[in-house]
Amino acid sequence: MESTEIAVRSVRTVGEKTIALELESPPKFEAQPGQFVQVRGELDGEKITRHYTLSSPDTDGTFEITVGVDPEGDLSPWLAELESGDIVEVDGPFGRSYYEGEESVVVLAGGPGVGPAVGIAERAIADGGEAMVIYRDDEPAHEGRLRELETAGATVVITNEPLTDNDAVTDALSRAEGQVFVYGFADFIEAANEALMSTGHDSDDSKSENFG
Ligand SMILES: Cc1cc2nc3c(=O)[nH]c(=O)nc-3n(C[C@H](O)[C@H](O)[C@H](O)COP(=O)(O)OP(=O)(O)OC[C@H]3O[C@@H](n4cnc5c(N)ncnc54)[C@H](O)[C@@H]3O)c2cc1C
């Protein structure tokens, strides 16, 4: 898809300072959970672009992005004010760290990284696979979808503590098998890689996306 204007279908609050934007998929738009799009907004006459990762399991009809709203930020508060029917400009999809039909997925997510975590886990379960989500946040978002994933057989660990020296995380990672994905801001990626290494995983094998 090349710089396309698309309609917002809905904007939902899915956690403290976190929204999920459902956007209409343009014709022939295909993307996998974990890939990201570039969203462009115009604020005070200035065009601003930021990247957001797919948080829906597929792009059939619509797709979703999950945005952590930084009140001091430029684009995220603007996105939070959008309403159904508004138009946004989107490019993409981009990225190489996405779900490719792996039978077993292990997703480590920090903050808004929970978006790709739920998208990938839902898709893996729908495809008959297995999923584990390890999610660090002081104020967790997407709790309903995480509970549904657990009911569907996924392992879900939610923590507000650092990932290292964290018994629940260490226990889960020690028995985790499959493709590891890591999504979040730089400090989370670093902590996740440390937790992976200390539980016998090679972080070079992870599919990882640094949010900045
Ligand atoms: C490949 C990629 C994928 C991304 N996917 C997502 C996504 O799915 N959801 C999402 O919410 N964001 C995602 N981001 C980050 C997003 O593009 C913006 O940087 C973010 O929304 C802040 O934009 P802003 O204009 O509101 O704030 P800005 O005006 O850019 O200022 C905010 C500053 O703080 C940083 N920042 C904001 N929150 C945090 C945090 N919790 N920890 C550390 N630094 C922080 C930003 O990187 C930026 O430097 C992604 C970034 C990249 C590069």
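Counting starts at 1 for both ligands and their atoms, in listed order.
- Note on ring orientation: taking the six-membered ring where Trp is involved, the planes of Phe36 and Phe94 are tilted (angle from 30° to 60°).
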side-chain contact (heavy atoms from CB on, under 4.5 Å) evaluation trace for Val37 with Leu23: CA-CA 11 Å; Val37 292; Leu23 303 167; 5.6 Å; no
Pair Leu79-Tyr52, side-chain contact (heavy atoms from CB on, under 4.5 Å): steps then yes or no: CA-CA 11 Å; Leu79 292 171; Tyr52 295 98; 3.6 Å; yes
Could you list the donor-acceptor pairs under 3.5 angstrom formed by side chains in residues 176-186, with sequence neighbours left out?
{"residue": "Gln179", "atom": "NE2", "partner": "Asp205", "partner atom": "O", "Å": "3.1"}
{"residue": "Tyr183", "atom": "OH", "partner": "Ser97", "partner atom": "O", "Å": "2.6"}

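- For ligand 1, the protein residues placed under 4.0 Å by at least one non-hydrogen atom are Phe36, Arg50, His51, Tyr52, Thr53, Thr66, Val67, Gly68, Asp70, Gly73, Asp74, Leu75, Ser76, Pro77, Pro112, Phe185, Glu209, Asn210, Phe211.
- Judged as a side-chain hydrogen bond (donor to acceptor under 3.5 Å, both in side chains), and not counting sequence neighbours, Ser25 has no contacts.
- Annotation: side-chain hydrogen bond (donor to acceptor under 3.5 Å, both in side chains) contacts involving residues 149-160, sequence neighbours excluded, comprise Thr159-Asn166.
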